[in-house]
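Order of the sequence lines sets the chain letters (A, B, ...), proteins ahead of strands, with each chain counted from 1. Remember, predicted model here, so these are calculated numbers, not experimental data.
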2 protein chains.
Amino acid sequence: MSVLNSDAEALLRERLQTHELRVTPNRLSVFRALLQSARPLSVPELATHLSDDGLSVPTLYRIVEVFSAIGVTHPVLVDHQSVGYELREPFRSHHDHLVCTGCGRVVDLYNCDLTEAMAQLGRDNQCRVNFHQVELHGLCADCAAASQVGTARG
Amino acid sequence: MSVLNSDAEALLRERLQTHELRVTPNRLSVFRALLQSARPLSVPELATHLSDDGLSVPTLYRIVEVFSAIGVTHPVLVDHQSVGYELREPFRSHHDHLVCTGCGRVVDLYNCDLTEAMAQLGRDNQCRVNFHQVELHGLCADCAAASQVGTARG
DNA sequence: CCGCACATGAAAATAAATTGCATGTGCAGT
DNA sequence: ACTGCACATGCAATTTATTTTCATGTGCGG
């Protein structure tokens, strides 16, 4: 991860305060849930995870909205169907996603060296790019390997 | 566009038949609506557009599901919130999206030269990539230009 | 420690997505 | 062209997701 867990909350506090938003137990709960999760979480999923803490569903929607507005999270398409939220940099190191057409898994790809390519794409279109999100579709390492079995040459 | 409109439907027929699915008026209606739309359409939007044709909402869900399963469409995140569907190659030339943080518009980027970078990313992870979808976040050409006004040097 | 503005919960309303089942229809086989 | 079957569809109902309203609670500046 990009920042120590112990520092992450301090960074969140700072980020919230910059935007004149309050540091509340609910916001910290959602933040911790996202920090601990290996994958993006939808609001209904967050509701399940945080049912003990008694967070109401409307509050969850409001929190992920706030988090996304101030760049703490960003929404991603999960299962090709529902919207999940995951932490952005610097809370979580940047990565892209491979949606495996074989097993349906979403694999995080970390060794992504697309920043310059993205910047160029932006320049070509007179845009100012500050964030990119790539979704690849194909076969994950496991499924790609499995598909080799019984195949003479690809 | 990648294929002539007149050929597009023939290609759709072929694609459906390959998968042993039927060519129906409803499927053609949805296909035409997507072909004519400049942007991804959600199911509720499709329902509005096609209310005259009398397509029921459940049918629309089933059709976009089928279309996505056979690679005719793919889902994209619209407005950071809802899922829309747009035609894939060869029905529509490949492009990526810039979500403008200034005005909220989604701009299509066509001069995308990321295929090789994507392929490399796939190789690095032992994956077999056959499609990529990039979502950039930043300022579109208009908003970027506007932000220059009153700025001494960037 | 006070007070105000923001944050939250509860309940309700709205919208979106799914399911079951009976009917309709594309299309393969004749 | 005709027939039959399996797939496609509509309808109604259900479930799930999301938004809104408003009264209450609470972080945090002064």
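When the nearest nucleotides of DNA chain C are assigned to B:V57 and B:Q17 by heavy-atom distance, the more 5′-ward of the two goes with B:V57.
We find that CG of B:L60 is positioned 15 Å from C1' of C:dA15, with the value rounded to whole Å. Rounded to whole angstrom, the span from the OH atom of B:Y85 across to the C1' atom of C:dA16 amounts to 12 Å.
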Identify each donor-acceptor pair in which a side-chain atom of residues 61-71 of chain A lies under 3.5 Å from a protein atom, sequence neighbours left out, and give them as a table.
residue: A:S68; atom: OG; partner: A:V64; partner atom: O; Å: 3.0
residue: A:S68; atom: OG; partner: A:T73; partner atom: OG1; Å: 2.9

Atom pairs and distances, donor-acceptor, side-chain atoms in residues 18-26 of chain B, under 3.5 Å, two or more places apart:
residue: B:T18; atom: OG1; partner: B:E14; partner atom: O; Å: 2.8
residue: B:T24; atom: OG1; partner: B:R27; partner atom: N; Å: 3.2

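Here the side chains of B:Q17 and B:R15 are not in contact, with every heavy-atom distance at 4.5 Å or above.
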Expected rows: protein N/O vs nucleotides 6-8 of chain C N/O, under 3.5 Å:
residue: C:dC6; atom: O4'; partner: A:R22; partner atom: NH2; Å: 3.4
residue: C:dC6; atom: O2; partner: A:R22; partner atom: NH1; Å: 3.0
residue: C:dA7; atom: OP1; partner: A:R22; partner atom: N; Å: 3.4
residue: C:dA7; atom: OP1; partner: A:R27; partner atom: NH1; Å: 2.7
residue: C:dA7; atom: OP1; partner: A:R27; partner atom: NH2; Å: 2.9
residue: C:dA7; atom: O5'; partner: A:R27; partner atom: NH2; Å: 3.4
residue: C:dT8; atom: OP1; partner: A:T24; partner atom: OG1; Å: 2.7
residue: C:dT8; atom: OP1; partner: A:N26; partner atom: ND2; Å: 3.4
residue: C:dT8; atom: O3'; partner: A:N26; partner atom: ND2; Å: 3.1

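If you check residues 40-50 of chain B against DNA chain D, you find no residue with a heavy atom closer than 4.0 Å.
Electrostatic pairing of B:D108 and B:R92 counts as a salt bridge here, judged by a charged N lying under 4.0 Å from a carboxylate O. A salt bridge does not link B:D7 to B:R13: none of the charged side-chain nitrogens sits closer than 4.0 Å to a carboxylate oxygen.
Residues A:A33 and A:L41 share a closest heavy-atom pair of O-CD1, 4.0 Å.
Residue B:H74 is tested with B:E89, B:R88, B:Q133 for a side-chain hydrogen bond (donor to acceptor under 3.5 Å, both in side chains); the sole match is B:Q133.
Taking CG from B:L28 and CG from B:L35, the interatomic distance works out to 11.0 Å, rounded to the nearest 0.5 Å. From B:R128, atom CZ reaches atom CG of A:L98 across 12.0 Å, with rounding to the nearest 0.5 Å.
Between B:Y61 and the phosphate of C:dA17, there is a side-chain N or O to OP1/OP2 separation shorter than 4.0 Å. The side chain of A:Q81 contributes an N or O atom lying less than 4.0 Å from OP1 or OP2 of C:dT18.
With the end axes of the helix from C:dC1-D:dG30 to C:dT30-D:dA1 each set by five pairs, the angle from one to the other reads 50° at 10° resolution.
For B:H49, there are no ring-ring contact (aromatic ring centres under 6.0 Å, His included) partners, not counting sequence neighbours.
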So A:T48 and A:S51, side chain to side chain donor-acceptor pair (under 3.5 Å) or not? Walk me through it. CA-CA 5 Å; A:T48 301; A:S51 58; over 6 Å; no
